[in-house]
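In what follows, a structure is listed as structure tokens, so that the remarks can point back to it.
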Amino acid sequence: MTQDLATLAREKGIRYFMISYTDLFGAQRAKLVPAAAIADMQKDGAGFAGFATFLDLTPAHPDLFGLPDPSAVIQLPWKKEVAWVPADCVMEDKHVGQAPRVVLKNVMANAAKEGLYVKTGVEAEFFLIDADGTAISDAMDCAAKPCYDQQALMRRYDVIAEICDYMLELGWGPYQNDHEDANGQFEMNWNFDDCLITADRHSFFKFMVRSVAEKHGLRATFMPKPFMGLTGSGCHAHISVWDETGKVNMFYDNKDEMGLSRQGYHFLGGIMKHAESLSAITNPTVNSYKRINAPRTISGATWAPNSVTWTGNNRTHMVRVPGKGRFELRLPDGAANPYLMQAVIVAAGLDGIHSKADPGKRYDIDMYQMGHTVTDAPKLPLNLLDALRNFDADESLKAALGNDFSAAYLKLKRQEWNSYASHLTQWERDHTLDI
Ligand code: ADP
Ligand code: MG
Ligand code: MG
Ligand code: MG
Ligand code: MG
């Protein structure tokens, strides 16, 4: 039964709904709609000028409507009179194929036709920084090996506990919070769920972390590499595939040495096969490529992958199998669009199952020390342009995500690359003035 938002407003004391959609670059765009007007908006959607956001539209296009998904509504725990509700983009009564939440739903529908339901958990690392974004917010947080730093974690207790309390209240099953491997960096974990639920929660998490940080006079960023010598912010995804009851993990095989089923290996094979191109989506910004392939950080390791390799419980590879019946993709970063990153995982995995893809050799080595001995594994792209070119050449992945989406994404991301390339840097002056 569809949740009636006007009724919900009366029952819960909601005064405003934030009808929110996520554009191609991952920005959340919202209209704040008074409860008195929500009944019509629930039917028709809230109107937007799509061109004004990161979508491949012109100013001449008709209105873009954000049609709220009432099953995903979340009352803001820190401002109960407002509820956030993710929306699917519609134009002239048709779903907009390039809109990220629509892309994910389409890919999931294809998986569901084959009885496959992907469940994921994400680890969205972030930094607490000062207002202008150039330094971390806690001057005393300067240890060379700051991971799990108890003292620094407790100096941010008010922020972290407030966010965790909200996740408890929302029923997400949060289970741990820590100071991560960079000064000023934190991670908060909650339980995995269906990939659309995880994508919505991931979006809301980013909004919530930023909002609570701002309440405390701080700024939160999920930027992949905000400080060059420090470990960057990843957004690892843990992945398993379930049957339609949601109770049988089809990746689980107790007899296999890694605890992975044949289907699990094929899905993993699909991720390996498409890794060099799907990084255009899991690592979507110019800055993303300063996290992967990075030189060693002050803490001793980047914790980010550099090559397309997989392994058992070993954090130096792109894919880790930490336990039976799931694997961890360590490639995505904090800039990854919550919907597109799930969509590309499902699309690549599904292709792996169809093509019975082989994930290749498992490497049980320290990739940071011994990576040079691995000669047959592709390197991850060194920059966004390489990743975009790989994605453009990957016809099956583009088709699986929808050609409308893929063309729009490539167009806007190439524009972004060109904007970056036309920017003159101090590095160029330092290295070229006297040549
Ligand atoms: P680590 O830091 O060791 O990589 P975390 O505990 O930070 O792991 O995050 C693990 C994530 O994986 C959580 O979101 C958790 O709910 C999720 N997860 C655990 N089991 C599965 C599974 N079978 N399928 C998908 N996600 C899972
Ligand atoms: Mg206007
Ligand atoms: Mg973690
Ligand atoms: Mg981490
Ligand atoms: Mg992890």
Side-chain angles (χ1 to χ4, degrees), residues 108 111 116-127 146-149 153 160 163-164 167-168 170-182 185-206 209 222 224 231-243 245-254 256 258-261 263-265 267-268 271 282-283 291-292 299 301-305 310-334 336 338 341-342 345-346 349 367-368:
M108 287 170 71
L116 304 172
Y117 298 83
V118 181
K119 295 194 187 200
T120 56
V122 291
E123 307 172 54
E125 293 170 338
F126 60 92
F127 282 80
C147 206
Y148 316 122
D149 188 320
L153 176 64
I160 301 298
I163 297 166
C164 190
M167 291 198 281
L168 286 164
L170 293 171
W172 294 8
Y175 61 90
Q176 63 183 5
N177 310 292
D178 73 357
H179 189 292
E180 278 290 306
D181 194 52
Q185 191 187 37
F186 299 87
E187 181 177 315
M188 310 184 67
N189 300 117
W190 69 92
N191 277 342
F192 70 100
D193 213 317
D194 296 335
C195 59
L196 179 61
I197 293 177
T198 291
D200 284 334
R201 288 182 179 168
H202 183 189
S203 305
F204 188 82
F205 179 76
K206 294 179 91 167
V209 169
F222 295 83
T231 295
S233 286
C235 187
H236 305 161
H238 292 248
I239 305 156
S240 52
V241 171
W242 299 67
D243 74 349
T245 68
K247 299 209 168 68
V248 179
N249 181 351
M250 292 157 77
F251 273 12
Y252 187 85
D253 181 354
N254 208 11
D256 177 71
M258 309 298 288
L260 269 191
S261 67
Q263 211 165 29
Y265 281 111
F267 195 103
L268 171 57
I271 299 282
T282 52
N283 308 80
R291 170 180 165 266
I292 54 178
S299 70
T302 63
W303 302 109
W310 73 280
T311 185
N313 198 348
N314 168 342
R315 295 174 193 263
T316 64
H317 293 259
M318 187 187 82
V319 172
R320 171 173 80 115
V321 183
K324 293 178 178 176
R326 67 167 153 148
F327 65 83
E328 177 190 35
L329 179 63
R330 300 176 58 81
L331 181 60
D333 64 44
M341 104 175 220
Q342 299 292 334
I345 287 169
V346 179
M367 209 42 201
Y368 299 148

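We count ligands from 1, going down the list as the structure has it; atoms in each ligand are counted the same way.
- For atom 3 (O) of ligand 1, the candidate residues are Glu123, His236, Arg320; the nearest heavy-atom contact is made by Arg320.
- His179 and Tyr148 have their aromatic ring centers separated by at least 6.0 angstrom.
- The closest approach between a heavy atom of Phe251 and any atom of ligand 1 is not below 4.0 Å.
- The closest side-chain heavy-atom distance from Glu180 to Phe126 is not below 4.5 Å.
- Shown are Asn314, Asn313, Thr311; of these, the side chain to side chain donor-acceptor pair (under 3.5 Å) with Arg320 is made only by Asn313.
- When Trp190, Phe205, Phe192 are each tested for a ring-ring contact (aromatic ring centres under 6.0 Å, His included) with Trp172, only one passes: Trp190.
- Checked against a 3.5 angstrom limit, the closest N/O atoms of Thr120 and ligand 1 fall outside it.
- For the Mg ion (ligand 3), protein N, O or S atoms closer than 2.8 Å were enumerated as Glu123 OE1, Glu187 OE2, with waters left out.
- In terms of protein heavy-atom proximity, atom 11 (C) of ligand 1 is closest to His238 CD2, 3.5 Å.
- Regarding atom 19 (C) of ligand 1, its nearest protein heavy-atom neighbour is Arg326 NH1, 3.4 Å.
- The 12-atom threshold is exceeded at CH2 of Trp242, counting heavy atoms of other residues, nucleotides or ligands nearer than 6.0 Å.
- Shown in contact with Gln176 at under 4.0 Å from a heavy atom are these atoms of ligand 1, numbered in order with element: 5 (P), 6 (O), 7 (O).
- At a threshold of 4.5 Å between non-hydrogen side-chain atoms, the residues Met318 and Leu329 count as touching.
- Ligand 1 has a nitrogen or oxygen under 3.5 angstrom from a nitrogen or oxygen of Phe192.
- Glu328 contributes OE2 as its N, O or S atom closest to the Mg ion (ligand 5).
- A side-chain donor-acceptor contact under 3.5 Å links Lys206 to the backbone of Gly334.
- When only interatomic distances are considered, the shortest N/O to N/O separation between Ser240 and ligand 1 falls below 3.5 Å.
- Contact record, Leu331 with Asn283: O-ND2, 2.8 Å, taken as the closest heavy-atom pair.
- Nearest protein neighbour of atom 14 (O) of ligand 1, counting heavy atoms only, is Trp190 O, 2.9 Å.
- In this structure, the protein non-hydrogen atom closest to atom 9 (O) of ligand 1 is Tyr175 OH, 3.3 Å.
- When non-hydrogen atoms are compared, ligand 1 lies under 4.0 Å from neither the backbone nor the side chain of Glu125.
- A side-chain donor from one of Asn189 and Glu187 sits under 3.5 Å from a side-chain acceptor of the other.
- Smallest separation of non-hydrogen atoms from Cys164 and Asn177: SG-ND2, 3.4 Å.
- Note: Asn191 CG to His238 NE2 = 12.0 Å, rounded to the nearest 0.5 Å.
- Minimum heavy-atom separation, Asp243 to Met250: N-SD, 3.4 Å.
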